[in-house]
Amino acid sequence: MRVVSGIQPTGNLHLGNYLGAIRNWVAMQDAMDADSECLFFLADLHAISQPHEPAALHAGTLEMTAALVACGIDPERSILFNQAQIPAHAELQWLLGGSARMGWLNRMTQWKDKAGKNREGQSVALFTYPVLQAADVLLYQATHVPVGEDQKQHLELARDIAQKFNNDFATEDAPVFTLPDPIIPPAAARIMSLRNGSAKMSKSDPSEMSRINLIDDADTVMKKIKKAKTDAEPLPSEAKGLEERAEALNLVTIFGALTGQSVDEVLSEYSGQGFGSFKPALGEVLVETLAPINARFMALKEDREALDAILARGAAKARERGLPTLDAAYKALGLVRG
Ligand code: TYM
């Protein structure tokens, strides 16, 4: 088993990232046996696909490293690194570019959402972003990729690219790439904005009130939950009653994901109650989960030397893991690698 996943180091780690992905990374790391390995990385190369501040990207990469360790990623057991230190990611992206199809990339919903009506004005990198993402996982022969729902389509594309490359340039008995499986949590695959139940919680939302950051202090968490958009109805007794109430469903989903309960189980406890009593309960559960992460993050984030050392060690290991596949891809294409 090879587990590989990444996160962009722009902005803060938020509750959607945590419940949709990072918590699963930690669980998979903790369940690893001697024949398996986890590689987790900061997708700093992806971050340049949109306008960015170079100094903030560098600082964000180190901070996100601290945040991941604070969440439970153990650099002794998992390989933790940033993409930019491994040129093989960018190299393999180019090699895969011959197999990826314009039509496939044109269908990516993230491209459509981010480009909006101004496709012509977007960077080439924003368009080819999913090819780099395919390189990220194919380079390491990933078998399992824990992600939130929004990344499922990119993973399907990675499989399509791998399959076409294997068909065109390899034999069935000796494929160059493994087809990766996305691992999506059943309960918290898509955590929504606290201000709008039809938009996902996201680092790029201009409103800080739309998301809970993992480094928010207790007062901020309570304030954001109290101000979260809801409705005036009391909570129903089962999930069906939340079908047309996206904001309410989101808060109950978050509560359940944090306490390990289904939406129905949470509702059986809070049925008939309004948000005046549900919100403080949710705030408390959140603060309880975030307080230890927060404390570890604060202790780690100033130790730049230790964070650099973690990334350097991770990069050395990742480079070694990726080389055989990079060599095989060059060779399959009839290229001699320098
Ligand atoms: P990114 O940085 O946007 O998000 C990191 C992880 O968090 C998940 N996530 C969510 N899950 C549930 N609800 C939400 N509101 C929510 N918001 C984010 C994402 O699904 C993701 O798992 N392109 C990727 C980074 C990447 C990557 C990769 C991932 C680059 N290469 C290779 C996996 C494999 C991204 O921008 O994720």
Side-chain angles (χ1 to χ4, degrees), residues 2-26 28 38-50 52 57 60-61 63-64 67-68 71 73 81-84 86 89-90 92-93 96 108-111 113-114 125-126 128-159 161-162 180-205 210-214 246 249-250 253-254 257 318 322:
R2 245 308 148 75
V3 176
V4 180
S5 198
I7 180 166
Q8 289 199 62
T10 40
N12 288 318
L13 192 65
H14 58 70
L15 191 64
N17 298 137
Y18 181 67
L19 295 177
I22 314 301
R23 207 168 58 149
N24 245 353
W25 296 10
V26 176
M28 293 178 96
C38 291
L39 292 96
F40 299 121
F41 62 90
L42 295 312
D44 49 4
L45 291 179
H46 276 109
I48 65 163
S49 61
Q50 290 202 294
H52 79 287
L57 176 57
T61 301
E63 275 200 10
M64 192 63 91
L68 293 179
C71 285
I73 299 298
F81 64 99
N82 61 309
Q83 259 174 341
I86 324 279
H89 286 245
L92 185 58
Q93 182 207 6
L96 297 175
M108 293 294 110
T109 51
Q110 185 174 296
W111 157 249
D113 288 350
K114 290 200 171 161
L126 189 66
T128 57
Y129 178 117
V131 187
L132 178 59
Q133 185 157 342
D136 294 338
V137 294
L138 300 180
L139 180 62
Y140 302 108
Q141 306 287 345
T143 55
H144 299 77
V145 184
V147 285
E149 179 73 36
D150 63 336
Q151 296 301 319
K152 188 168 172 223
Q153 198 187 28
H154 285 161
L155 264 301
E156 281 161 4
L157 180 87
R159 291 176 65 95
I161 294 175
D181 278 321
I183 306 292
I184 297 173
R190 204 170 159 78
I191 300 296
M192 309 311 281
S193 154
L194 299 179
R195 308 298 305 161
N196 174 1
S198 58
K200 69 173 180 182
M201 186 177 285
S202 154
K203 315 180 232 233
S204 52
D205 192 317
S210 70
R211 61 183 161 265
I212 303 283
N213 295 313
L214 261 71
L249 174 63
N250 190 38
T253 302
I254 292 173

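Start at 1 and go down the list; that is how both ligands and their atoms are numbered.
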Consider ligand 1: state whether an atom of it lies below 4.0 angstrom from any non-hydrogen atom of Met192. no
Closer than 4.0 Å to some heavy atom of Phe41 - which atoms of ligand 1 meet that? 28 (C), 31 (N), 32 (C)
Return yes or no for this condition: an N or O of Met201 is under 3.5 Å from an N or O of ligand 1. yes
Determine whether the side chain, the backbone, both or neither of Val137 has a heavy atom under 4.0 Å from any heavy atom of ligand 1. side chain
Considering only heavy atoms of Ala43, which atoms of ligand 1 have at least one such atom less than 4.0 Å away? 30 (C)
Side chains of Asn196 and Asp205: does their closest heavy-atom pair fall under 4.5 Å? no
Ligand-side contact atoms (ligand 1) for residue partner Lys203, heavy atom cut-off under 4.0 Å: 2 (O)
Heavy atom to atom 37 (O) of ligand 1, shortest distance: which of Lys200, Gln151, His89 holds it? Gln151
Judged by non-hydrogen atoms, does Ala142 sit under 4.0 Å from ligand 1? no
Any idea which protein heavy atom is nearest atom 32 (C) of ligand 1, and the distance to it? Gln133 CG, 3.5 Å
among protein heavy atoms, the one nearest atom 31 (N) of ligand 1 is Asp136 OD2, 2.6 Å
Distance under 4.0 Å to a non-hydrogen atom of Arg190: what atoms of ligand 1 satisfy this? 12 (C), 13 (N)
Mind listing the closest non-hydrogen atom pair of Val137 and Pro180 along with its distance? CG2-CG, 4.1 Å
Measure the distance from atom 10 (C) of ligand 1 to every protein heavy atom, then report the residue, atom name and distance (to 0.1 Å) of the closest one. Gly16 O, 3.4 Å
Part of Asn17 within contact of ligand 1 (heavy atoms, under 4.0 Å): both
Between His154 and ligand 1, which residue portion shows a heavy-atom distance shorter than 4.0 Å: side chain, backbone, both, or neither? neither
Is the contact between His46 and ligand 1 made by the side chain, the backbone, both, or neither, using heavy atoms and a 4.0 Å cut-off? side chain
Using a strict threshold of under 4.0 Å (side-chain N to carboxylate O), is an ion pair present between Asp150 and Lys200? yes
Kindly confirm or rule out an N or O of Val147 lying under 3.5 angstrom from an N or O of ligand 1. no
Protein contact to atom 25 (C) of ligand 1 [nearest heavy atom, distance to 0.1 Å]: Gly6 O, 3.6 Å
Is Ser5 in contact with ligand 1, taking contact as a heavy-atom separation below 4.0 Å? yes
So, 4.0 Å and heavy atoms of Gln83: is ligand 1 close enough to count as a contact? no
Candidate pair Gln153 and Leu157, rule side-chain contact (heavy atoms from CB on, under 4.5 Å), full reasoning: CA-CA 6 Å; Gln153 198 187 28; Leu157 180 87; over 6 Å; no
Which bit of Gln8 is near ligand 1, meaning a heavy atom under 4.0 Å away: side chain, backbone, both or neither? both
For atom 6 (C) of ligand 1, grab the closest protein heavy atom and report residue, atom and distance to one decimal in Å. Ala21 CB, 3.7 Å
With a 4.0 Å heavy-atom cut-off (strictly under), which part of Val4 contacts ligand 1: side chain, backbone, both or neither? neither
Atom 36 (O) of ligand 1 has as its nearest protein heavy atom Tyr129 OH, 2.8 Å
Below the 3.5 angstrom mark, is there an N/O of Val145, backbone or side chain, next to an N/O of ligand 1? no
Atom 13 (N) of ligand 1: closest protein heavy atom, distance to 0.1 Å, is Ile191 N, 2.8 Å
Quick check against the 3.5 Å criterion: does Arg211 have a side-chain atom that pairs as donor or acceptor with the backbone of His14? no
For ligand 1, which atoms have a heavy atom of His14 less than 4.0 angstrom away? 17 (N)
Check the side chains of His46 and Gln133 for a donor-acceptor pair under 3.5 angstrom, ignoring hydrogens and angles. no
What part of Ala189, side chain, backbone, both or neither, has a heavy atom within less than 4.0 angstrom of ligand 1? backbone
Is the backbone N or O of Pro146 less than 3.5 Å from a side-chain atom of Ser5, with the two atoms forming a donor-acceptor pair by type? yes
Atom 19 (C) of ligand 1 - nearest protein heavy atom and its distance: Asp150 OD1, 3.3 Å
Shortest non-hydrogen contact from Tyr129 toward His154: CE2-CE1, 3.9 Å
